[in-house]
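Here is the structure we will look at.
Nothing fancy with the numbering, it's 1 onward along the sequence.
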Amino acid sequence: MPHCILVVDGDSRSLRLLEVGLAQAGYRVLTATSVADAIAVLETEAPDLVIADARGADGGGFALQQALAPRPLRLPFLFLLNEDDAAGRMRAAQLGTGEFLIKPVYLKEALSRVALLLEKQAQRGER
């Protein structure tokens with residue numbers, strides 16, 4: 001069964017790029033345009049990884065990760081940050097993940113980072 005990835009981004013172009021690219025690479029892709037949509041998806045689906053715009057209008061990926069913190073299953077996050085978002089990089093580290101991509105996202109880099117994160121997760125025996 002292919003790995004499942006949830007992509008959360010309010011930017012439709014970025015969301016579509018990741019959705020199509022990940023699907024073409026063989027992943028099952030779920031999408032959401034907001035934290036509320038992502039939480040609704042997570043009520044019925046169990047992705048292996050979340051890629052989320054760190055700073056959406058509703059708090060973005062940081063808010064989503066904090067909302068999920070009480071849950072027993074820890075999902076790895078890959079945050080999407082703007083190039084000049086040093087505070088976002090520090091926040092990602094404080095939340096326990098230094099994993100991020102700079103927007104605009106380059107698909108090859110995204111696919112490489114996703115594969116690496118899923119491999120690390122498998123080595124730790126988390127999925």
Side-chain angles (χ1 to χ4, degrees):
M1 177 184 271
H3 285 286
C4 181
I5 300 170
L6 172 60
V7 181
V8 185
D9 196 336
D11 176 356
S12 61
R13 291 178 61 208
S14 177
L15 183 72
R16 184 74 178 142
L17 169 81
L18 288 167
E19 178 183 21
V20 170
L22 290 164
Q24 287 177 342
Y27 297 105
R28 188 167 74 89
V29 183
L30 308 168
T31 61
T33 58
S34 69
V35 171
D37 288 346
I39 290 172
V41 168
L42 291 167
E43 294 298 323
T44 60
E45 298 282 348
D48 299 300
L49 173 74
V50 176
I51 300 174
D53 185 359
R55 300 200 183 265
D58 57 357
F62 292 143
L64 178 60
Q65 188 182 43
Q66 287 183 313
L68 298 177
R71 295 182 181 200
L73 179 62
R74 289 281 190 205
L75 282 172
F77 272 72
L78 180 57
F79 292 110
L80 305 175
L81 298 168
N82 292 325
E83 186 173 359
D84 60 349
D85 193 357
R89 288 192 290 274
M90 289 188 61
R91 179 119 187 249
Q94 290 169 345
L95 290 173
T97 177
E99 301 295 336
F100 61 87
L101 290 170
I102 300 298
K103 282 183 150 186
V105 173
Y106 293 96
L107 190 56
K108 277 188 168 183
E109 181 183 9
L111 292 173
S112 175
R113 192 70 64 83
V114 164
L116 181 64
L117 284 170
L118 292 171
E119 184 178 316
K120 283 181 184 179
Q121 184 182 23
Q123 287 174 352
R124 289 190 304 257
E126 294 177 0
R127 287 271 184 185

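Put simply, the side chain of Pro47 reaches to within 4.5 Å of the side chain of Leu42, judged on heavy atoms. No side-chain heavy atom of Phe100 sits under 4.5 Å from any side-chain heavy atom of Asp85. Inter-residue side-chain proximity for Leu75 and Leu6 is flagged as unmet; no heavy-atom pair is nearer than 4.5 Å. Cys4 places a side-chain heavy atom less than 4.5 Å from the side chain of Asp48. No side-chain heavy atom of Ile5 sits under 4.5 Å from any side-chain heavy atom of Leu78. Here the side chains of Asp53 and Val8 are not in contact, with every heavy-atom distance at 4.5 Å or above. The side-chain heavy atoms of Val29 and Glu19, taken from C-beta on, include a pair separated by under 4.5 Å. Annotation: side chain of Leu81 is in contact with side chain of Arg89 (closest heavy-atom distance under 4.5 Å).
If you chain together hydrophobic residues whose side chains sit under 4.5 Å apart, Ile51 and Leu107 fall into the same group. Val20 and Leu111 are not part of a single hydrophobic cluster, where members link through side-chain heavy atoms under 4.5 Å apart. Hydrophobic cluster membership differs between Val7 and Tyr106, with clusters built from Ile, Leu, Val, Met, Phe, Trp and Tyr side chains linked at under 4.5 angstrom.
The neighbour count for Glu83 CD, taken as heavy atoms of other residues, nucleotides or ligands under 6.0 Å away, does not exceed 12.
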Query raised in the report: So Glu99 and Phe77, side chain to side chain contact (heavy atoms under 4.5 Å, CB included) or not? Walk me through it.
Result: CA-CA 7 Å; Glu99 301 295 336; Phe77 272 72; over 6 Å; no
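Rounded to the nearest 0.5 angstrom, Leu118 CG and Tyr27 OH are separated by 5.5 Å. Taking CD of Gln121 as the start and NE2 of His3 as the end, the distance is 7.5 Å to the nearest 0.5 Å. Atom CG of residue Leu17 and atom OG of residue Ser12 lie 11.5 Å apart, to the nearest 0.5 angstrom. We find the CG-OG1 distance between Asp9 and Thr33 to be 9.5 Å, quoted to the nearest 0.5 Å. Once rounded to the nearest 0.5 Å, the distance linking CG of Leu101 with CG of Leu18 reads 8.0 Å.
Within the 3.5 Å criterion, the main-chain N or O of Arg13 finds a donor-acceptor partner in the side chain of Asp11.
In plain terms, the two heavy atoms of Gly61 and Ala52 that are nearest each other are CA-CB, 3.6 Å. Of all non-hydrogen atoms in Ala36 and Asp58, the two that sit nearest each other are N-OD2, 4.0 Å. Between Lys103 and Ser14 the shortest heavy-atom distance is CE-OG, 3.7 Å. In plain terms, the two heavy atoms of Ala32 and Leu15 that are nearest each other are O-CD1, 3.9 Å. Scanning both residues, Pro2 and Gly26, for their nearest heavy atoms gives CB-O, 3.1 Å.
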